[in-house]
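Here the structure is a predicted model, which is why all the values come from computation and not from measurement.
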Amino acid sequence: MNYVRCFFICCAYLLATWISTVHSVPPSPVNCDTNGLNCLVSSTYRVWPDRSTCRAAKVTYPSTEEEFKSSVAHAVKNNLKIKVISKLAHSAPKLICPGGDNGLLISTRDYAKKIIVNISSSTATVDSGVELRDFVDAIAKYGLALPHSPYWDGLSIGGLLSTGAHGSSLWGNGGAVHEYVVGMRLIIPASADEGFVRIMDLTKEDKDLNAAKVSLGVLGVISQVTFALQPMFKRSIRNVLRTDEGLEEKIIAFGSASEFGDVTWYASKRRAVFRVDNRVPVNIAGDGVNDYIGFQKTSRAALEAQRDTG
Ligand SMILES: Cc1cc2nc3c(=O)[nH]c(=O)nc-3n(C[C@H](O)[C@H](O)[C@H](O)COP(=O)(O)OP(=O)(O)OC[C@H]3O[C@@H](n4cnc5c(N)ncnc54)[C@H](O)[C@@H]3O)c2cc1C
Ligand SMILES: *[C@@H]1O[C@H](CO)[C@@H](O)[C@H](O)[C@H]1NC(C)=O
């Protein structure tokens, strides 16, 4: 279940406002001088307005695993701190800041090429820079689906995994994306004898896989991730508005009865919206529209008016 929806809805509003008022595509979170040095770093929706509080000496944009290895080797050899950053950096905490002025940022912006589907095992292996929406679209062509995901699909695979991003479910292994990871390939620091860098392949037989899945970006660079997929399905969604009386007792029963169930609590109004959300076969007719209010394009005038009254 997702108890902290307000945070995400607020983020979505901020993001939508900002996109509709300033740019159609968000600008890069990393701004460096003309030589690509002395970078100031921000998150996409500017959660920390003073960019001088998050700096990096340099940013690299590898497009192959070999280039990632050389960036990591260079940093290890020169004793630099490393952080990985996705193309758009949506995380609110300063997880992408390397710390100090001497750190190296390695961006996955240009590392979004491979999505390899294995039909016989119902798995897919994907580069860490691939955006969630591109991944979902690619596997859909094979009739496959990732059963759970965060509600916003403009996040990178490496970034959403590192922070334990989730949808909403109490069923089975729950709604976190990392529960569906069956393999990972990491690029990690190594000794000078090994050339300062090493590849680590983890499969579901390695117990370290569980430790590596949600790393907050501190266990090395995630190069690739392999997911266990399911046959594609549709979701049938109905929102029910009720009073919040006895919510704390009703919520577990509700979550147990609805596979993707979700509750948004409007505490000051003493009400809650229960989202009854279940899996149905793909051949059931539906309107095929995701009209979740948080992520719709909204005009600047409407948002300004809403804020003035809010
Ligand atoms: C509008 C909006 C809606 C959201 N909705 C949800 C939701 O429904 N559920 C939910 O759980 N979360 C949600 N989130 C939060 C989101 O899942 C996280 O902020 C996520 O970490 C962002 O991923 P990113 O690709 O932007 O990563 P970044 O912000 O670039 O990075 C996040 C972390 O991952 C690390 N990292 C990134 N790539 C790699 C890599 N290749 N190797 C190693 N480390 C790496 C970074 O160093 C950093 O520590 C939402 C965020 C927004 C802005
Ligand atoms: C696909 O998965 C099957 C079953 O796990 C495995 O035997 C096969 O080697 C995989 N194919 C590739 C190309 O990795």
Side-chain angles (χ1 to χ4, degrees), residues 1-31 40-54 85-96 131-134 136-137 149-156 159-160 163 165-168 175 234-245 247 250-251 254 258 260-277 286-310:
M1 303 293 288
N2 194 341
Y3 301 108
V4 284
R5 292 286 305 291
C6 173
F7 171 74
F8 296 124
I9 293 169
C10 299
C11 290
Y13 275 131
L14 277 176
L15 193 74
T17 317
W18 179 73
I19 287 174
S20 65
T21 51
V22 187
H23 297 272
S24 52
V25 177
S28 167
V30 190
N31 283 278
L40 298 179
V41 189
S42 51
S43 83
T44 274
Y45 53 100
R46 305 285 187 265
V47 223
W48 56 90
D50 180 4
R51 280 201 257 163
S52 63
T53 61
C54 183
I85 183 170
S86 66
K87 178 171 124 193
L88 291 176
H90 280 91
S91 249
K94 290 184 176 173
L95 296 168
I96 47 170
E131 267 183 30
L132 178 60
R133 74 176 59 130
D134 295 332
V136 167
D137 286 350
S149 72
Y151 292 10
W152 172 244
D153 61 3
L155 310 168
S156 75
L160 69 88
T163 57
H166 55 87
S168 184
K234 282 188 178 176
R235 281 163 60 171
S236 165
I237 296 176
R238 189 162 48 91
N239 287 309
V240 184
L241 179 66
R242 298 198 189 122
T243 75
D244 66 1
E245 214 183 309
L247 181 62
K250 289 179 192 149
I251 198 161
F254 173 74
S258 177
F260 304 96
D262 179 308
V263 177
T264 308
W265 183 21
Y266 297 94
S268 65
K269 298 207 180 293
R270 314 234 39 196
R271 285 177 180 198
V273 174
F274 289 74
R275 195 183 74 201
V276 183
D277 185 337
D287 60 9
V289 175
N290 180 355
D291 55 4
Y292 175 54
I293 192 163
F295 299 148
Q296 304 307 311
K297 279 186 192 163
T298 311
S299 80
R300 174 183 178 154
L303 284 162
E304 282 176 354
Q306 188 184 33
R307 255 195 259 153
D308 288 345
T309 57

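- With rounding to the nearest 0.5 Å, the separation of OG in Ser149 from NE2 in His166 is 11.0 Å.
- With rounding to the nearest 0.5 angstrom, the CG atom of Asp277 is 4.0 Å from the CZ atom of Arg235.
- Listed here is the closest heavy atom pair of Pro27 and Leu88: O-CD2, 4.2 Å.
- Here the OG-CD1 distance, from Ser42 to Ile96, works out to 7.0 Å after rounding to the nearest 0.5 Å.
- A 4.5 Å side-chain heavy-atom check between Asp244 and Arg271 finds every atom pair outside the cut-off.
- A pairwise comparison of heavy atoms in Gly261 and Ser168 identifies O-OG, 2.6 Å as the closest pair.
- The side-chain heavy atoms of Tyr151 and Asp262, taken from C-beta on, include a pair separated by under 4.5 Å.
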(request) Run the numbers on Ile251 and Phe274 for side-chain contact (heavy atoms from CB on, under 4.5 Å), then give the verdict. (result) CA-CA 9 Å; Ile251 198 161; Phe274 289 74; 5.7 Å; no
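- Lys250 is not listed as a side-chain neighbour of Val263, based on a closest heavy-atom distance of 4.5 Å or more.
- Taking both residues in full, the closest heavy atoms of Ser43 and Ser91 are given as CB-O, 3.6 Å, listed atom of the first, atom of the second, then distance.
- Closest approach of His90 and Gly154 over heavy atoms only: CE1-O, 3.4 Å.
- Taking each heavy atom of Gly159 and Ser156 in turn, the nearest pair found is N-OG, 3.0 Å.
- A donor-acceptor pair is defined here as one N or O able to donate and one able to accept, closer than 3.5 Å; such a pair exists between the side chain of Arg275 and the backbone of Phe260.
- Atom CZ of Arg270 is surrounded by 12 or fewer heavy atoms from other residues, nucleotides or ligands within 6.0 Å.
- Here Arg242 contributes atom CZ and Leu247 contributes atom CG; the two are 10.0 Å apart, rounded to the nearest 0.5 Å.
- Thr298 and Ala302 make their closest contact through CG2-CB, 4.2 Å (heavy atoms, listed as atom of the first residue, atom of the second, distance).
- Contact of the Asp153 side chain with the Val136 side chain is not registered, since no non-hydrogen atoms from C-beta on lie closer than 4.5 Å.
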